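Note that the structure is a prediction, hence the values are computed from the model and not measured.
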Amino acid sequence: MAHIVVLGAGTGGMPAAYELRAELGSEHEITVVNERDYFQFVPSNPWVAVGWRDRASITFDIRPHLERKGINFIGKRCDKIDAAANTMVFEDGESLQYDYLVIATGPRLAFEEVEGAGPNGGHTSSVCSVDHAEAAYEKYKQLLEDPGHVVIGAMPFASCFGPAYEFAFIMDADLRKRKMRDRVPMTYVTSEPYIGHLGLGGVGDSQGMLESEMRNHHMKWITNAKVTKVEEGKMFVEEYDNAGHKVKDHEIPFKFSMMLPAFKGVDAVAKVEGLCNPRGFVFVDPYQRNPTYPNIYSAGVCIAIPPVEATAVPTGAPKTGYMIESMVTAIVHNIHNVLEGKEPDQKGTWNAICLADMGDTGAAFVALPQIPPRNVAWFKKGKWVHMAKIAFEKYFIRKMKKGTSEPIYEKYILKMLGINRLK
């Protein structure tokens, strides 16, 4: 009997555990380790930050749902991984041995890379966790009492730009419903070289569509923006041209700011020699397996993927839901192969699919493959995307509670978009 440990219980880790149980049966032991004892559906956090959702609607206790499927759960922070000894050590000093380790931790939020950034001791809000989104909502309620300029966007080295665009348009929609939008000027500040770059080099006419939407919604923007410091009520930004020459310094006053931070690997993973790149992201081969430690696999935001292209201000490549789903499925089949004495043969699909809510409408994009040139570069807008995002939220949370392992993107979303799967 092998012991497979999944480190992380988010949108990659929970499906990985369920798929492992479905694929391997009851013969092998599966344990999920997570710092918190609850699951949070992170894509809904922009809604939480304006009061459209609350914690209870997007979180649930992990343990009973995993244990019902015969999966162990340990709700502790992993402080150290001894990869040579196949052991992880927890914050309380206890340890756990594994035969195979699946790292699906998500990122560490590197607010410290910009002085004064972040919700804990800093001056910007975040929607990267439900705790941060709740804190952002409290700040948003203060804005409603005392309206003023809002700054939303992404810091240097950010790699997940979608939630920043979502939050800007969601806040715009909420303010319009309250008939307060005229009292809240908005500026979008991003490290992307242009609006709609998304860390992907653009998808279809994402630049034209998003620029048009931002003009229609009276949002100004600064691209190639390097935020250097944030003080209470003021953001300091260096603006560059595409050749990397600084063209302007900005001091932007604000009453409310939500800025996505750079991502790095979590400390316990980043400290393992030979496992990660300098920013702590896990190296994987085409089979999602680490080249140095072949019994360690990884999926999701925590893996090392090079940027799509060099940009004047550093940006990273996003890992979207379809990519994560396909990585997880590949890992499960490859571990099964190894347990049966075979070689890994399944590869993740590095394609990008995203449903982005915009408050009362939405945008969907498909990049197959993620890195250009592409077989499909598709970008559409409509109220149907807003409704699809709501349906996706309800379906995914229900799936995680039931413990089913069916692939959502393969079974539903690609068909809904009218697209055949492409490798």
_How close do Leu109 and Cys128 get, counting heavy atoms only, and between which atoms?_
CD1-CB, 3.6 Å
*Asn290 side chain vs Pro294 backbone, donor-acceptor pair below 3.5 Å*: no
_Could you check whether Asn295 and Asp99, counting side-chain N and O atoms only, form a donor-acceptor pair closer than 3.5 Å?_
no
*Under 4.5 Å between any side-chain heavy atoms of Ile103 and Leu275, yes or no?*
yes
*Looking at CD1 of Ile397 and OG1 of Thr11, how far apart are the two atoms once the value is rounded to the nearest 0.5 Å?*
11.5 Å
_Salt bridge Glu138-Lys141, side-chain N to carboxylate O under 4.0 Å_ = yes
*asked:* Measuring from atom CD1 of Ile58 to atom CZ of Phe41, what distance do you get when rounded to the nearest 0.5 angstrom?
replied: 8.5 Å
*Report the C-alpha distance between Val237 and Lys226 in whole Å, list the side-chain angles of each, state the deciding distance to 0.1 Å, and finish with yes or no for side chain to side chain contact (heavy atoms under 4.5 Å, CB included).*
CA-CA 5 Å; Val237 180; Lys226 180 182 179 182; 5.9 Å; no
*Atom pair CG/CZ of Leu66 and Phe39 - distance to nearest 0.5 Å*: 10.5 Å
_Heavy-atom pair with the smallest gap, counting every atom of Pro46 and Ile170_ = CB-CD1, 3.8 Å
_Check against side chain to side chain contact (heavy atoms under 4.5 Å, CB included), Glu309 and Thr315_ = CA-CA 9 Å; Glu309 61 187 359; Thr315 58; over 6 Å; no
*For residues Phe254 and Val150, determine if any side-chain heavy atom of one lies less than 4.5 Å from a side-chain heavy atom of the other.*
no
*Would you find a donor on one side and an acceptor on the other, under 3.5 Å apart, between the side chain of Asp172 and the backbone of Ala168?*
no
*Pairwise side-chain contact, Leu101 with Leu7, heavy-atom cut-off 4.5 Å (strictly under)*: yes
*Nearest heavy-atom pair of Pro344 and Val338: which atoms, and what distance?*
CG-CG2, 3.9 Å
*Check whether any side-chain heavy atom of Tyr188 lies under 4.5 Å from a side-chain heavy atom of Ile222, and answer yes or no.*
no
*Within residues 8-37 or reaching into it, pairs that qualify as salt bridge (Lys or Arg N to Asp or Glu O under 4.0 Å) - sequence neighbours excluded*: none
_Tell me if the centroids of the rings in His217 and Phe169 come within less than 6.0 Å of each other._
yes
*What residues form a side-chain hydrogen bond (donor to acceptor under 3.5 Å, both in side chains) with Tyr165, not counting sequence neighbours?*
Glu192
*How long is the gap from CG on Leu368 to CZ on Arg374, to the nearest 0.5 Å?*
9.0 Å
*Do Tyr140 and Gln142 get their side chains close enough for a donor-acceptor pair, meaning under 3.5 Å?*
no
*Please name the pair of heavy atoms, one in Gly196 and one in Ser206, separated by the smallest distance, quoted to 0.1 Å.*
O-OG, 2.7 Å
*asked:* For the backbone of Phe365 and the side chain of Lys380, can you confirm whether one donor and one acceptor N or O come within less than 3.5 Å of each other?
replied: no
*asked:* Would you call the rings of Phe396 and Phe392 parallel, tilted or perpendicular, taking 30° and 60° as the class edges?
replied: tilted
*Within a strict 4.5 Å, meaning less than it, do heavy atoms of the Lys342 and His336 side chains meet?*
no
_Contact summary for Gly8 and Val32, nearest pair of heavy atoms_ = O-CG1, 4.1 Å
*With the threshold set at 4.0 Å, does a side-chain nitrogen-carboxylate oxygen contact exist between Lys234 and Glu251?*
yes
*Will you find, in the side chains of Asn72 and Thr31, an N or O donor that is under 3.5 Å from an N or O acceptor?*
yes
*His149 side chain near Val151 side chain, heavy-atom distance below 4.5 Å*: yes
*Write out all pairs satisfying salt bridge (Lys or Arg N to Asp or Glu O under 4.0 Å) with one or both partners inside residues 288-303, taking only residues at least two apart or from two chains.*
Asp285-Arg289
*Counting only N and O atoms by type, is there a donor-acceptor contact under 3.5 Å from the side chain of Gln288 to the main-chain atoms of Ala299?*
no
*Take atom CD in Glu340; do more than 12 heavy atoms of anything else shown fall under 6.0 Å from it?*
yes
*Might you work through the ring pair (Phe, Tyr, Trp, His ring centres under 6.0 Å) test for His245 and Tyr240, ending with a clear yes or no?*
CA-CA 5 Å; His245 304 119; Tyr240 290 80; 8.9 Å; no
*NZ/NE/NH1/NH2 to OD/OE distance under 4.0 Å, Asp82 and Lys80*: no
*Below 4.5 Å, heavy atoms only, C-beta onward: do Ile4 and Val102 meet side chain to side chain?*
yes
*Without swapping roles, check the side chain of Thr292 against the backbone of Gly274 for a donor-acceptor pair under 3.5 Å.*
yes
*Keeping to residues at least two apart or across chains, list the salt bridge (Lys or Arg N to Asp or Glu O under 4.0 Å) pairs with something in residues 364-373.*
none
*With the side chain counted from C-beta on, respond yes when Phe90 and Ile74 share a heavy-atom pair under 4.5 Å apart, and no when they do not.*
yes
*Between Lys139 and Phe256, is NZ or CZ placed under 6.0 angstrom from the six-membered ring centre and within 45° of the ring axis?*
no
*Test ring pair (Phe, Tyr, Trp, His ring centres under 6.0 Å) applied to Phe111 and His132, step by step*: CA-CA 12 Å; Phe111 293 110; His132 289 172; 5.7 Å; yes
*Is the NZ or CZ atom of Arg55 both under 6.0 Å from the centre of the six-membered ring of Tyr38 and within 45° of that ring's axis?*
yes
*Audit row: Val33, Phe73, side chain to side chain contact (heavy atoms under 4.5 Å, CB included) steps and yes/no*: CA-CA 6 Å; Val33 174; Phe73 176 66; over 6 Å; no
*What closest approach, in Å, do Val6 and Gly13 show between heavy atoms, and which atom pair accounts for it?*
CG1-O, 3.6 Å
*Is Asp249 salt-bridged to Lys246, cutoff N-O under 4.0 Å?*
yes
_Within this structure, what is the CD1-CE distance for the pair Ile152 and Met259, rounded to the nearest 0.5 Å?_
9.5 Å
*At what distance, to the nearest 0.5 angstrom, does NZ of Lys389 lie from OG of Ser44?*
7.0 Å
*Applying salt bridge (charged side-chain N to carboxylate O under 4.0 Å, His left out), run through Glu67 and Lys69 and close with a yes or a no.*
CA-CA 5 Å; Glu67 290 184 346; Lys69 291 290 182 177; over 6 Å; no
_Ion pair Glu239/Lys248, N-O distance below 4.0 Å_ = no
*Would you kindly say whether Ser257 and His123 are connected by a side-chain donor-acceptor distance under 3.5 Å?*
no
_Show every salt bridge (Lys or Arg N to Asp or Glu O under 4.0 Å) that has at least one partner inside residues 148-159, sequence neighbours left out._
none
*Of all residues at least two apart in sequence or in a different chain, which pass the ring-ring contact (aromatic ring centres under 6.0 Å, His included) check with His250?*
none
*asked:* Between Asn86 and Met88, does the side chain to side chain contact (heavy atoms under 4.5 Å, CB included) criterion hold? Intermediate values first, please.
replied: CA-CA 7 Å; Asn86 297 334; Met88 61 173 56; over 6 Å; no
_Modelled atom types, side-chain donor and acceptor of Asp345 and Asn337, under 3.5 Å_ = yes
*asked:* Given the ring of Phe157, does Arg279 sit roughly above its face, with NZ or CZ under 6.0 Å from the centre of the six-membered ring and within 45° of the axis?
replied: yes
